[in-house]
Number of protein chains: 2
Amino acid sequence: MLIRTPAELGAVLRDRRKKLKLDQSTFAKRIGVSRQWVIEVEHGHARAELGLILRALDALDIRLDAGTEQAPAREAARPAVDINAIVAKARKKKA
Amino acid sequence: MLIRTPAELGAVLRDRRKKLKLDQSTFAKRIGVSRQWVIEVEHGHARAELGLILRALDALDIRLDAGTEQAPAREAARPAVDINAIVAKARKKKA
DNA sequence: CGTGGATGTCATCGAGCGATGACATTTTAG
DNA sequence: CTAAAATGTCATCGCTCGATGACATCCACG
């Protein structure tokens with residue numbers, strides 16, 4: 001599952017928690033946070049702490065993979081010397 | 001790359017940022033945070049906000065994938081009644 | 001040599017997280 | 001239906017995040 005937003009992450013956590021038959025209280029204690037935290041995160045709380053999130057994922061055996069995808073996003077996805085970028089930045093006279 | 005800790009996440013962000021030839025200031029502005037934030041996150045700041053982290057990843061075209069398969073972890077991956085969990089909760093001693 | 005860019009450090013400060021505990025609502029089981 | 005469990009909501013509070021701006025290094029380059 002691709003994670004793009006806090007809400008998606010929350011959904012993944014909730015589904016996984018339920019599959020493991022854990023209630024919020026048990027889950028919270030297992031990762032060392034309050035039940036309130038679990039509730040908010042499962043609801044997509046955007047400002048949750050990264051460290052706690054990673055602990056939660058680990059507790060549920062969910063692995064996170066960061067891929068520098070190959071999507072033809074914008075540009076500059078290619079390595080190699082990027083003269084343009086350098087010049088552009090140098091030429092940057094800001095607002 | 002598997003992400004298990006804030007430090008690993010920070011390393012991924014830094015590497016990717018450099019590959020795209022962006023300096024911290026430009027990167028920070030692009031995702032709407034302070035340069036200080038970029039510095040701390042790249043150094044593995046564990047309490048960074050989830051939402052900002054996701055924005056940073058997106059800005060660098062790094063996709064996050066949450067996978068549940070793969071590890072033949074312990075057990076309990078299967079539904080069915082989980083006596084242990086039930087007992088453990090009932091046994092909650094803690095002060 | 002010295003100028004400028006990039007990165008890291010420090011201090012300050014307002015804002016919101018996360019903990020806690022009580023209570024409300026929803027769901028599950030008998 | 002009824003009781004209990006699970007989940008959601010509220011209010012309070014200490015603590016630290018993240019922003020800002022000033023400096024300090026370090027390094028590439030002319």
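The sequence lines fix the lettering, A, B, ..., with proteins before strands; numbering per chain opens at 1.
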**Q** Sugar-phosphate means primed atoms, P, OP1 and OP2; the rest is base. With that split, encode nucleotides 10-19 of chain C 5' to 3' as B, S or - using protein heavy atoms under 4.0 Å.
**A** B-----SSSB

**Q** Decide side chain to side chain contact (heavy atoms under 4.5 Å, CB included) for B:Lys29 and B:Arg35; before the verdict, give the C-alpha distance in whole Å, the side-chain angles of both, and the deciding distance to 0.1 Å.
**A** CA-CA 8 Å; B:Lys29 279 174 187 160; B:Arg35 188 168 68 85; over 6 Å; no

**Q** Between D:dA6, D:dG8, C:dT7, which nucleotide has the shortest distance from any of its atoms to the side chain of B:Lys18?
**A**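 Nucleotide nearest to B:Lys18's side chain: C:dT7.
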
**Q** Please report the distance, rounded to the nearest Å, between NZ in A:Lys21 and P in D:dT7.
**A**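 Distance, rounded to whole Å: 12 Å.
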
**Q** Look up atom NZ in A:Lys18 and atom CD in A:Glu42, then write down how far apart they are to the nearest 0.5 Å.
**A**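 So the gap between those two atoms works out to 7.5 Å.
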
**Q** Take B:Arg30 and B:Leu22, measure what side chain to side chain contact (heavy atoms under 4.5 Å, CB included) needs, and give me the verdict at the end.
**A** CA-CA 10 Å; B:Arg30 187 167 295 190; B:Leu22 294 173; 3.7 Å; yes

**Q** Among A:Asp58, A:Leu50, A:Leu52, which residue meets the side chain to side chain contact (heavy atoms under 4.5 Å, CB included) test with A:Leu54?
**A**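 So, applying the side chain to side chain contact (heavy atoms under 4.5 Å, CB included) to A:Leu54 and each of A:Asp58, A:Leu50, A:Leu52, only A:Leu50 qualifies.
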
**Q** Between D:dT25 atom C1' and B:Ile39 atom CD1, what is the distance in whole Å?
**A**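 Whole-Å distance recorded here is 13 Å.
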
**Q** Please report, rounded to the nearest Å, how far the C1' atom of D:dG21 is from the CD atom of B:Gln24.
**A**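 My rounded result for the distance is 16 Å.
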
**Q** Provide, to the nearest angstrom, the distance between the CZ atom belonging to A:Arg14 and the P atom belonging to D:dA6.
**A**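 Distance check: A:Arg14 CZ to D:dA6 P gives 14 Å.
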
**Q** Would you kindly give the CZ-to-C1' distance between A:Arg17 and D:dA5, to the nearest whole Å?
**A**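 Result: 13 Å.
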
**Q** Which value, rounded to the nearest 0.5 Å, describes the distance between A:Phe27 atom CZ and A:Arg14 atom CZ?
**A**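 Rounded to the nearest 0.5 Å, the CZ-CZ separation comes out at 11.0 Å.
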
**Q** Rounding to a whole Å, what distance do you find between A:Phe27:CZ and D:dG8:P?
**A**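 So the two atoms are 13 Å apart, to the nearest Å.
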
**Q** Search all heavy atoms of B:Leu60 against all heavy atoms of B:Arg16 and return the closest pair with its distance.
**A**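 It is O-NE, 2.8 Å.
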
